[in-house]
Amino acid sequence: MKIATFNINGIKARINALSDWLDEAQPDVALLQEIKSVDEAFPSEMFEEKGYNVVTHGQKSFNGVAILSKLPLEDVTRGLPILADGDEADEQARWIEATVVGKQAVRLCNLYLPNGNPVELTEDGQPVPGGKYAYKLRWMERMHARAQQLLAEEAPFLMAGDYNIIPQAEDAKRPQAWEGDAAYRPESHAMWRKLLNLGFTEAFRSRTFGAGHYSFWDYQAGAWNRDDGIRIDHFLLSPQCADLLLDCQIDKEVRGREKPSDHVPVWVELDL
DNA sequence: ATGTCCTTGGCTCAAGGA
């Protein structure tokens with residue numbers, strides 16, 4: 001089973017690019033982020049005609065996630081659970097879960113992690129409460145709690161999407177340019193490791209080593225032409241899911257096409 | 001650090017987000 005993640009940066013602007021990529025890459029499942037559309041405006045019919053089931057969790061203008069799947073999507077839930085006193089339901093559409101059943105069932109968590117910039121810090125270096133960076137870190141804390149719940153089931157599941165996290169220096173062409181950025185700050189790296197340390201396998205790095213592998217190139221300053229990219233789109237696999245991993249690749253060439261997203265698809269092949 | 005793109009409001013450009 002081929003499962004892909006793809007931040008499309010707006011469904012209206014990406015209809016053709018997305019359609020073409022689906023036709024040739026033929027993923028069984030596509031986890032989409034930044035659909036930037038309300039549910040009613042998402043062109044589900046176009047994907048249903050290609051044989052996909054479609055579920056969305058959208059909002060106006062920003063964010064929004066969707067799942068396309070050739071297999072039925074079961075037990076769909078939207079949003080991260082409210083996990084602590086004082087937590088409010090997330091008004092931002094960034095998380096959707098569903099289960100697909102191949103040889104066995106696998107739970108799919110599709111996420112669009114907050115960007116977190118600009119970073120605002122207090123005088124003693126703490127993220128300003130209510131600021132975008134504090135929201136990112138708090139969101140990661142909630143995601144961590146949800147991951148713990150799912151791990152307790154000891155069944156295959158994955159969490160994939162746009163993490164807005166550059167894991168290591170080798171994941172950026174110019175790492176020094178990202179120092180201080182919400183995707184590369186120490187607090188962000190600490191939360192990323194805290195997630196991984198629950199026992200996840202980062203699919204791409206379990207198979208490919210070394211620098212020069214990116215999933216995002218900014219539209220600005222000729223980043224694509226200079227291959228000035230970062231790797232921020234990831235798959236985290238639960239132990240039972242990692243055992244099923246056959247392959248993980250980045251569809252880099254998609255970035256060089258007509259009217260591209262600033263992200264490219266990343267996919268895993270699972271023995272399912 | 002900014003050589004861009006996407007969205008919306010209610011236009012023909014500006015602002016916010018990334």
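We name chains A, B, ... by the order of the sequence lines, and we start the count at 1 in each one. Only heavy atoms go into these numbers, but all of them, side chains included; no hydrogens, no water, no symmetry mates.
No salt bridge links A:Arg14 with A:Glu34; every basic N to acidic carboxylate O contact stays at or beyond 4.0 Å.
A:Val101 belongs to no hydrophobic cluster, as no Ile, Leu, Val, Met, Phe, Trp or Tyr side chain comes under 4.5 Å of its own.
Residue A:Arg14 places at least one side-chain N or O closer than 4.0 Å to OP1 or OP2 of B:dC6.
The distance from atom CZ of A:Phe216 to atom P of B:dA18 is 11 Å, rounded to the nearest whole Å. As rounded to whole Å, 15 Å separates atom C1' of B:dA1 from atom CD1 of A:Ile230. Here the P atom of nucleotide B:dC6 and the CG atom of A:Asn16 are 12 Å apart, to the nearest Å. Going from atom OH of A:Tyr219 over to atom C1' of B:dG17 covers 13 Å, rounded to whole Å. Taking atom CG on A:Asn117 and atom C1' on B:dA1, their separation rounds to 13 Å, with Å as the unit. With rounding to whole Å, A:Gln59 atom CD is found 13 Å from B:dG16 atom C1'. To the nearest angstrom, P of B:dT2 lies 13 Å from CZ of A:Arg226. Whole-Å rounding puts the A:Tyr133 OH to B:dG17 C1' distance at 18 Å.
Closest approach to the A:Lys259 side chain among B:dC6, B:dG16, B:dA18 is made by B:dC6 (side chain taken as heavy atoms from C-beta onward). Side-chain proximity of A:Gln220 to the nucleotides B:dG17, B:dC6, B:dT2 is greatest for B:dT2.
Every residue two or more places apart in sequence or in another chain was checked for a ring pair (Phe, Tyr, Trp, His ring centres under 6.0 Å) with A:Tyr112, and none qualifies. Partners of A:Asp28 under the salt bridge (charged side-chain N to carboxylate O under 4.0 Å, His left out) rule, at least two apart in sequence or in another chain, do not exist in this structure. Checked against salt bridge (charged side-chain N to carboxylate O under 4.0 Å, His left out), A:Glu253 has the following partners two or more places apart in sequence or in another chain: A:Arg257.
Heavy-atom distances to DNA chain B give each of A:Trp178 and A:Lys132 a nearest nucleotide, and the one nearer the 5′ end belongs to A:Trp178. Annotation: of the two residues near DNA chain B, A:Ala13 and A:Gln92, the 5′-most nearest-nucleotide partner is A:Ala13.
Distance check on atom P: B:dT7 versus B:dG3 gives 23 Å, rounded to whole Å. Between the C1' atoms of B:dC13 and B:dA1, the separation comes to 25 Å (whole Å). Here the separation of B:dC6 from B:dG10, taken at their P atoms, is 22 Å to the nearest Å.
Side-chain contact annotation: A:Asp227 with A:Trp217, donor-acceptor N/O pair under 3.5 Å present.
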Heteroatom pairs (N/O) under 3.5 angstrom, protein to nucleotides 8-15 of chain B:
{"from": "B:dG9", "atom 1": "OP1", "to": "A:Lys60", "atom 2": "NZ", "distance (Å)": "3.0"}

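In this structure, A:Ala221 reaches the bases: a heavy-atom distance under 4.0 Å links it to at least one base atom across the strands shown.
Applying the ring pair (Phe, Tyr, Trp, His ring centres under 6.0 Å) test to pairs two or more places apart or on separate chains, those with a residue in residues 242-272 of chain A are A:Phe216-A:His263.
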